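Note sheet for the following structure.
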2 protein chains.
Amino acid sequence: MSEQKAALATRPEILLIEDDPQIRKFLRVMLMAEDYRFYEATAGVEGLAQAATRNPDLVLLDLGLPDRDGVELIRDIRKWSQMPIVVISARGLERDKIEALDAGADDYVTKPFTPGEVSARIRAALRRAAVLDKNEPSEIVNFGNITMNLAARKVSVGGADVHLTPNEYKLLLVLLRHSGKVLTQRQLLKEVWGPEHVEDREYLRVFMSQLRHKLEADPAHPKYLMTEPGIGYRLLTEP
Amino acid sequence: MSEQKAALATRPEILLIEDDPQIRKFLRVMLMAEDYRFYEATAGVEGLAQAATRNPDLVLLDLGLPDRDGVELIRDIRKWSQMPIVVISARGLERDKIEALDAGADDYVTKPFTPGEVSARIRAALRRAAVLDKNEPSEIVNFGNITMNLAARKVSVGGADVHLTPNEYKLLLVLLRHSGKVLTQRQLLKEVWGPEHVEDREYLRVFMSQLRHKLEADPAHPKYLMTEPGIGYRLLTEP
DNA sequence: CCAAACCTTTACGTCATCTTTACACGATTC
DNA sequence: GAATCGTGTAAAGATGACGTAAAGGTTTGG
């Protein structure tokens with residue numbers, strides 16, 4: 001996919017954004033041991049500039065920067081790039097973690113951490129990015145008696161065409177792209193309605209209900225569109 | 001991998017922090033017999049300095065130091081490193097054990113102990129650390145006939161899907177992330193229910209019971225979800 | 001400019017999960 | 001052995017989440 005370099009074929013390039021000299025040194029040793037190419041930034045603005053100009057394969061970002069909010073920086077990068085961002089943070093608070101991940105970070109490591117742990121996360125993020133770049137979703141998907149023609153944007157149940165509204169279709173598509181996986185309500189809301197509506201959980205209730213009535217034989221006892229109470233929803237494409 | 005030494009491939013390096021000359025000698029003999037490389041510190045400050053500069057594979061720490069800050073020392077190390085810390089304690093009081101484990105110790109041995117016992121704990125801790133460093137947070141974990149698919153947030157026993165409620169899953173996940181290690185009740189409560197519920201130990205009883213009934217073949221005689229009376233719980237992923 | 005389609009919002013019955021309590025049991029202490 | 005403590009289990013009650021229908025609002029297209 002486009003600007004992404006062949007992250008795993010050659011030596012991946014990593015941008016390290018970290019202000020604390022000691023931790024920077026620690027991470028530098030780790031990156032060298034793993035044979036990555038990398039360059040460093042010690043502040044947010046500099047980091048953003050480097051990310052934009054040098055287009056690294058991955059960004060390793062410490063949230064506790066002095067000059068600007070790390071989460072803000074993630075959002076800035078996400079405006080124009082999907083490059084993997086692995087976050088390092090002193091604080092392990094759930095709130096911070098969720099904020100960073102919602103902003104678009106790929107993974108989150110809290111101090112204290114081992115070099116092995118950080119490098120494992122980096123490898124995993126690079127691998128995911130490489131897979132994403134290769135995978136094109138197939139044009140026609142079947143599950144049960146439901147057929148989705150992605151190219152034509154058409155859905156049918158047992159051969160009969162079913163009309164889905166734009167948001168209904170979008171929601172189903174997001175679920176399909178991650179079929180089998182639980183998607184949190186926030187993830188779904190962000191994908192379908194945009195980041196400004198991640199709190200509006202009623203939307204999901206209403207639209208999941210509508211989808212079930214259009215797709216499921218017995219909407220009250222769904223076979224495909226499953227609820228994960230307290231978490232979110234998942235699409236089962238095989239019994 | 002990284003600066004972490006290949007703890008099991010070569011001879012692991014151990015830092016021994018112990019003030020009592022007699023016990024020091026005893027442990028020294030044990031370490032030599034087991035063919036570890038090691039160096040010694042006789043006080044807390046010295047121990048911390050050595051841990052920082054020489055980066056051992058494991059710290060063997062006597063809590064009864066003269067500067068009397070063993071637990072404090074554990075906390076200091078944990079600020080920047082996950083290196084395994086095995087604690088030796090003269091007093092077998094539960095309070096002391098819990099305090100040390102809460103501070104981040106990996107295991108504890110109480111006097112009187114045999115050389116075999118101590119070296120077994122050391123071996124176990126080193127093995128866990130090696131596994132942690134190698135394993136990228138893998139998406140699928142197996143132990144016994146239990147399978148956890150972390151990406152999909154799915155658990156199955158002997159191939160059959162098992163439904164876990166949000167808190168049940170969270171609890172199991174925390175145990176898994178530290179599998180083999182004793183986790184104190186406070187640690188578990190803090191991770192799953194938040195810091196404001198570290199005293200509500202009934203939650204753990206109820207939820208551990210529920211988990212066992214869903215995962216164990218014989219809930220009354222668990223093979224994986226083990227109780228550590230007076231301390232907490234631990235998840236065994238290997239017999 | 002109207003009508004249709006769609007989205008947003010509200011209300012309410014139902015259900016899953018969490019919380020709390022009570023009690024049985026084994027281990028430990030006195 | 002009696003009393004105490006920590007634990008395991010079941011079950012009741014409280015809480016909050018979910019599913020659904022239906023009533024405005026807004027956008028779109030003719």
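Naming: A, B, ... by sequence-line order, numbering from 1 per chain. This is a predicted model, so every value here is computed, not measured.
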So, is B/Thr227 close to the D/dT7 phosphate, meaning a side-chain N or O under 4.0 Å from OP1 or OP2?
no
Within this structure, what is the CD-to-C1' distance between B/Glu168 and C/dT19, rounded to whole angstrom?
14 Å
Between A/Thr147 and A/Asn142, do the side chains contain a donor N or O and an acceptor N or O under 3.5 Å apart?
yes
Tell me whether the OP1 or OP2 atom of D/dG6 has a side-chain N or O from B/Arg205 closer than 4.0 Å.
no
Pair B/Asp96-B/Ser89, side-chain donor/acceptor within less than 3.5 Å:
no
Give the angle between the helix axes at the two ends of the helix from C/dT19-D/dA12 to C/dC30-D/dG1, taking five base pairs at each end and rounding to 10°.
0°
Can you work out whether B/Tyr233 or A/Arg201 has the more 5'-proximal nearest nucleotide on DNA chain D?
B/Tyr233
Judged by modelled atom types alone, do A/Ser209 and A/Arg205 share a side-chain donor-acceptor pair under 3.5 Å?
no
May I ask you to decide whether B/Arg95 forms a salt bridge with B/Glu99, counting only side-chain N to carboxylate O separations under 4.0 Å?
no
Closer than 4.0 Å, any side-chain N/O of A/Gln185 to the OP1 or OP2 of D/dC18?
yes
Once you round it to whole Å, what is the distance between P of C/dC18 and CD1 of A/Ile231?
9 Å
Is the B/Tyr169-B/Phe207 ring centre distance short of 6.0 angstrom?
no
Please check the phosphate of C/dC6 (OP1 and OP2 only) for any side-chain N or O of A/His163 closer than 4.0 Å.
yes
When you measure from the side-chain N and O atoms of A/Trp193 to the phosphate of C/dC7, is any distance below 4.0 Å, counting only OP1 and OP2?
no
Out of C/dT19, C/dA16, D/dT20, minimum distance to the side chain of A/Val206 belongs to D/dT20
Please report, rounded to the nearest Å, how far the P atom of C/dC18 is from the NZ atom of B/Lys170.
10 Å
Between B/Glu199 (CD) and C/dT19 (C1'), how many Å, whole number?
17 Å
Quickly work out the B/Leu164 CG to C/dA16 C1' distance and round it to whole Å.
14 Å
Selection from C/dC18, C/dC7, D/dT9 that lies nearest to any side-chain heavy atom of A/Pro166
C/dC7
Integer-rounded Å distance: D/dA17 P and A/Tyr203 OH:
18 Å
Sub-4.5 Å side-chain heavy-atom contact between A/Lys214 and A/Thr165:
yes
If the plane angle is over 60° it's perpendicular, under 30° parallel, otherwise tilted; pick one for A/Tyr203 and A/Trp193.
tilted
Under 4.0 Å: is that the gap between some side-chain N or O of A/Thr165 and OP1 or OP2 of C/dA5?
no
If you look at every strand shown and take non-hydrogen atoms under 4.0 Å, does A/Asn167 touch a base, only sugar-phosphate, or nothing?
sugar-phosphate
Does OP1 or OP2 of D/dG19 have a side-chain N or O of A/His213 closer than 4.0 Å?
no
Close side-chain approach of B/Ile88 and B/Leu61, heavy atoms under 4.5 Å
no
A/Met208 atom CE is separated from D/dC18 atom P, nearest whole Å, by 11 Å
Rounded interatomic separation in angstrom, taking CG from A/Leu225 and C1' from D/dT20
16 Å
Phosphate OP1/OP2 of D/dT9: any B/Ser209 side-chain N/O under 4.0 Å
yes
